[in-house]
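These notes are about the structure you will find just below.
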Amino acid sequence: MIICQIAGFLGSGKTTLLIKLGTTLSARGKRVAIIVNEVGEVGVDGSVIDSSGLKSVELAEGCICCSLSGSLQHTLRQITTEYHPDLIIIEPTGIAFPTKIVQLVRTAMVGEDKMITISLIDAFRAVKLFKEAELFVSRQIAGADIVAVNKIDAVDENTIDETEKIVKKVNKDAQLVLISAKNGDGVEQLINILEESA
Ligand SMILES: Nc1nc2c(ncn2[C@@H]2O[C@H](COP(=O)(O)OP(=O)(O)OP(=O)(O)O)[C@@H](O)[C@H]2O)c(=O)[nH]1
Ligand SMILES: [Mg+2]
């Protein structure tokens, strides 16, 4: 089983990407489950994911990297025993710390399970955001196995180059992939990298 978190700033496209990944892999016969975390009470992402037909559990009113860490581990174990997924995709909130979630998942994992962190970067805002909040953006990129630069359909080549430079400066070991979660560009490549990392 692969457990994959899609980390990324608010609005970077996490839900759009997980639905794309989830529905593509389900159509190929994989069992996919989703855990989505929302700090607020209104489960917008949860209902969007439900309408895509994917099996999902929503954890709300707290952050899975701190107050809801026990719920995350409990949910992982429960989904695993009841649903037997090939892949569990976790969408943390945009302000969670990816490395903390890795630690929590690792302690809940058994046997041959594999944890993979995708850090999703919004190409539309990355250069500006990096100038304003370098430490925060760096933390999100630093712990990633795969960095996916998203929304390449909405920016020019220069912006993509600048964004790639930022990613390589912070994390030169991660696999880098350029995607559009919206129109599907690069998603097949991302799936290949994900499957090869497992
Ligand atoms: N142009 C473009 N827009 C995208 C892409 N991916 C996502 N979006 C848009 O970006 C906005 C945010 O997408 P979400 O998938 O909700 O992002 P999120 O990271 O889950 O957002 P939060 O859960 O609120 O942090 C939506 O309006 C999406 O349609 C993309 O590849 N290209
Ligand atoms: Mg979301």
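Residues take their numbers from the sequence shown, with the count starting at 1. Just follow the structure's listing: the first ligand is 1, and inside any ligand the first atom is 1. What you see below is based on every heavy atom in this structure, not just the backbone, and it leaves out hydrogens, waters and symmetry mates.
For atom 27 (O) of ligand 1, no protein heavy-atom neighbour is found at a distance under 4.0 Å. The nearest protein heavy atom to atom 12 (C) of ligand 1 is closer than 4.0 Å.
Within the structure, ligand 1 lacks G94 among the residues with a heavy atom less than 4.0 angstrom away. Ligand 1 lies out of reach of G8, whose nearest heavy atom is not under 4.0 Å from it. Contact annotation: E91 has at least one heavy atom less than 4.0 Å from an atom of ligand 1.
Using modelled atom types, one finds a donor on one side chain and an acceptor on the other under 3.5 Å when comparing T117 with Q5. Using modelled atom types and a 3.5 Å distance limit, the side chains of Q73 and T107 yield a donor-acceptor pair. Inspection of the S180 and D185 side chains reveals no N or O donor paired with an N or O acceptor under 3.5 Å.
Protein heavy atom at the shortest distance from atom 3 (N) of ligand 1 is K182 CD, 3.7 Å. Protein heavy atom in closest approach to atom 17 (O) of ligand 1: G13 N, 3.1 Å. For atom 8 (N) of ligand 1, the nearest protein heavy atom (residue, atom name, distance) is K151 CE, 3.7 Å. The single protein non-hydrogen atom nearest to atom 18 (P) of ligand 1 is K14 N, 3.4 Å, given as residue, atom name and distance. Here the protein heavy atom with the shortest distance to atom 15 (O) of ligand 1 is T16 OG1, 2.5 Å.
Comment: D122 engages K151 in a salt bridge, judged by a side-chain N to carboxylate O separation of less than 4.0 angstrom. In this structure, R28 pairs ionically with E188, as a charged nitrogen and a carboxylate oxygen lie closer than 4.0 Å.
Angle OE2 (E91) to the Mg ion (ligand 2) to OG1 (T15): 90°, rounded to 10°.
With a 4.0 Å cut-off on non-hydrogen atoms, N150 touches ligand 1 through its side chain and not its backbone. If you look at S180 next to ligand 1, the close heavy atoms, those under 4.0 Å, come from the backbone and the side chain alike. Contacts of T15 with ligand 1, taken as heavy-atom pairs under 4.0 Å, involve both backbone and side chain.
In plain terms, the two heavy atoms of I118 and C4 that are nearest each other are CD1-SG, 3.6 Å. When all heavy atoms are compared, the tightest approach of C65 to I101 is CB-CG1, 3.7 Å.
More than 12 non-hydrogen atoms from other residues, nucleotides or ligands lie less than 6.0 angstrom from CD of E132. No more than 12 heavy atoms of other residues, nucleotides or ligands sit less than 6.0 Å from atom CZ of F124.
Taking the ring centre of F9 as origin, the terminal cationic atom of R125 falls outside the region bounded by 6.0 Å and 45° from the ring axis.
The distance criterion of under 3.5 Å between nitrogen or oxygen atoms is not met by I179 with respect to ligand 1. Polar contact check, G11 against ligand 1: a nitrogen or oxygen pair lies under 3.5 Å apart.
With hydrogens and angles ignored, the 3.5 Å screen pairs a side-chain donor or acceptor of K14 with a backbone N or O of G8.
Below 4.0 Å from some heavy atom of A154 lie the following atoms of ligand 1, by number and element: 1 (N). Listed by number with element, the atoms of ligand 1 under 4.0 Å from a non-hydrogen atom of D153 are 1 (N), 2 (C), 30 (C), 31 (O), 32 (N).
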